[in-house]
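Computation of the quantities below employed the complete heavy-atom set of this structure, encompassing side-chain atoms and omitting hydrogens, waters and symmetry-equivalent molecules. Chain naming here is simple, since letters A, B, ... match the order of the sequence lines and numbering starts at 1 in each.
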2 protein chains.
Amino acid sequence: MDARQILKEHIAKTTSLTEDQFDYLFSHFKLQTYKKGQVVIREGDKVDHEYFVLSGCLKAFFINDEIKMYILQFAMPTWWTSDYAALYNQTRASINIDCITDAEVLYISNQDREKICDELHQAEHFFRWRTNRGYLASQKRLLSFMNNDTKARYEELLKLYPQLYNLVPKHLIAAYLGVSRETLSRLYNAHK
Amino acid sequence: MDARQILKEHIAKTTSLTEDQFDYLFSHFKLQTYKKGQVVIREGDKVDHEYFVLSGCLKAFFINDEIKMYILQFAMPTWWTSDYAALYNQTRASINIDCITDAEVLYISNQDREKICDELHQAEHFFRWRTNRGYLASQKRLLSFMNNDTKARYEELLKLYPQLYNLVPKHLIAAYLGVSRETLSRLYNAHK
DNA sequence: TTTAGAATGTGATTTACATCACGTAGCTAC
DNA sequence: GTAGCTACGTGATGTAAATCACATTCTAAA
C-alpha cells in the first residue's frame, strides 16, 4: 500500500474528508526514508516537523546524565511522533528520536499543520482526535507505572505490541519499562 | 469573578470567539457546587460529562486492590477533569473524582461538546489546544516518573503548585507522587 | 468537654531493584 | 579467518522504599 493510501485510511477512521480535501491535506506532507540507526531529532535541535510512521519502528527517548536512557514511545506504523513539547512551544528538542529499523515516514511542518487546521474544519477535527488518542494512551501508561509492578508492565507491553518482542533488543524494552536490562532479563527468565 | 467570565478568559488565551459564539458555547454549560468530600464520579458510574473547575480543588484517583490510592490529577481552578477514557470510549468509569475542598465547577456533556465542535470551528480549535495541553502535561509527568527520584518529584510538584502544600493532606501528595506516606514524611523531615 | 477518627512522625524489618562485575554468544567488518 | 562490538545472562552486594507497628497531634463531631 502506498503512503497516500495509508494516511488516507488512517484519517478515515475518525474523520470524513472529500477526495479534494484529502489531496489538499496530503500535498503538505513529504516522504522520507531512513536507515536503521538514523537520527530523526537530536536533543538541542530546532523542531519543525511531526512524523507519521508508514513502516518500520522509531523510538523517542531521553538520556539522563549522559548515561541512562528512557524510552517515551515506540513509534510503529500509523503512529505519530515528534518532540511535541518543543514543537508546540517553539523550544529546542529535549528528547531524541531515531530509527530502530529501516523506516519510511511522512512528515509535515508545525506551521503547515496549523494552517490546514485553520483552513479546514475537518482537519482540525482529525488532529483533535489524534491528540486525544495520544493523551489517553499517555494517561493509561502513567497509571500503569504507578499501579503495576515491572512484571505486569512487561506483560502488558507484549500483549499490546507482540511484534516488539522480536523487533527490538531487550535492553530497549527495559528502557521503555523503566528498569535495568539486568532486572528485565531475570524477570523474563524466571518467568518460565 | 463570575463563572462566565472565568471560562471566557480561559478560552480567550488560545482562541478568539465573538460574543455571540461564546454565549452559544456557554449556554451548554451548567454550574454545580460541591462540598468538601463530595463525589463527582465514582468507579463503575456511567460518565457523561467533563468538568471545568472554577474554585476549589478536586482529585482524580484510582484505587488498587481496594487499598492503595493513586492520584492521577489534582484539578485546580481553570483545569478540566473527567474520566476521559470512559467519556470518549463510552465505558464505565475506572477512576474516581471527588472534592478535596468545597468547589464550584462548570460541566458540559460529551454529546454537547461534540455538537459544538462540529458546529463551530473555533470551538474545535479550542478543544484541540485544551487536549494538547493535557497531553504535554501527561508526557512531562511520565518522563519525570521515569527520570527523577521521589525527592526531585516532590520538589517539582511544590514548585509547580505551591498552594498544594497547605491545601491538601500529605498522604494525598504521597499518592500523587506514587510513594507511601511514610516515605514522603521521612523525605520531607530529613530535607531540613 | 470528651471522644473518635484522621493525619502525621518514626523505628524495625523486608524486599525489589540498581549497580557492579564478569562471562558467553552472535553479528559485522576488514 | 579474527578482532571488536553489541546483546544478553547471572552472581554478589548495596540501597531506596514498602511494609508493619505504634506513638502523637489535630480536628470535628457528640
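In this structure, the CD1 atom of B:I173 is 11 Å from the P atom of C:dG9, given to the nearest Å. As rounded to whole Å, 12 Å separates atom C1' of C:dC17 from atom CZ of A:R153. At whole-Å resolution of the value, CG in B:N64 and P in D:dA18 are 14 Å apart. Atom CE in B:M69 sits about 12 Å away from atom P in C:dA6, given to the nearest Å. Distance, B:N148 CG to D:dA17 C1': 17 Å, rounded to whole Å. Rounded to an integer number of Å, the gap from CG of B:L177 to P of D:dA16 is 17 Å. Atom CG in B:L172 sits about 13 Å away from atom P in C:dA6, given to the nearest Å. In this structure, the OH atom of A:Y165 is 16 Å from the P atom of D:dA7, given to the nearest Å.
Side-chain contact check for B:R153 versus B:F145: some heavy-atom pair is nearer than 4.5 Å.
A:E156 has no carboxylate O lying under 4.0 Å from a charged side-chain N of A:R141, or vice versa, which leaves the two without a salt bridge.
Qualifying salt bridge (charged side-chain N to carboxylate O under 4.0 Å, His left out) partners for A:R113, counting only residues two or more places apart in sequence or in other chains: A:E50. Applying the side-chain hydrogen bond (donor to acceptor under 3.5 Å, both in side chains) criterion to A:H121, with sequence neighbours excluded, gives B:E124.
The shortest non-hydrogen separation linking A:H125 to A:T14 is NE2-O, 3.7 Å.
For B:W80 and B:H10, the side-chain atoms include at least one donor-acceptor pair closer than 3.5 Å.
Checking the phosphate oxygens (OP1, OP2) of D:dA18, no side-chain nitrogen or oxygen of B:K68 falls inside 4.0 Å. For the OP1/OP2 pair of C:dA6 and a distance below 4.0 Å, the side-chain nitrogens and oxygens of B:H171 include no atom meeting the criterion.
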Every protein N/O within reach of nucleotides 9-12 of chain D N/O, cut-off under 3.5 Å:
{"from": "D:dG9", "atom 1": "OP2", "to": "A:S185", "atom 2": "OG", "distance (Å)": "2.9"}
{"from": "D:dG9", "atom 1": "O5'", "to": "A:S185", "atom 2": "OG", "distance (Å)": "3.4"}
{"from": "D:dG9", "atom 1": "N7", "to": "A:R181", "atom 2": "NH1", "distance (Å)": "3.3"}
{"from": "D:dG9", "atom 1": "O6", "to": "A:R181", "atom 2": "NH2", "distance (Å)": "2.9"}
{"from": "D:dT10", "atom 1": "OP2", "to": "A:N189", "atom 2": "ND2", "distance (Å)": "2.9"}
{"from": "D:dG11", "atom 1": "N7", "to": "A:R186", "atom 2": "NH1", "distance (Å)": "2.9"}
{"from": "D:dG11", "atom 1": "O6", "to": "A:R186", "atom 2": "NH2", "distance (Å)": "3.4"}

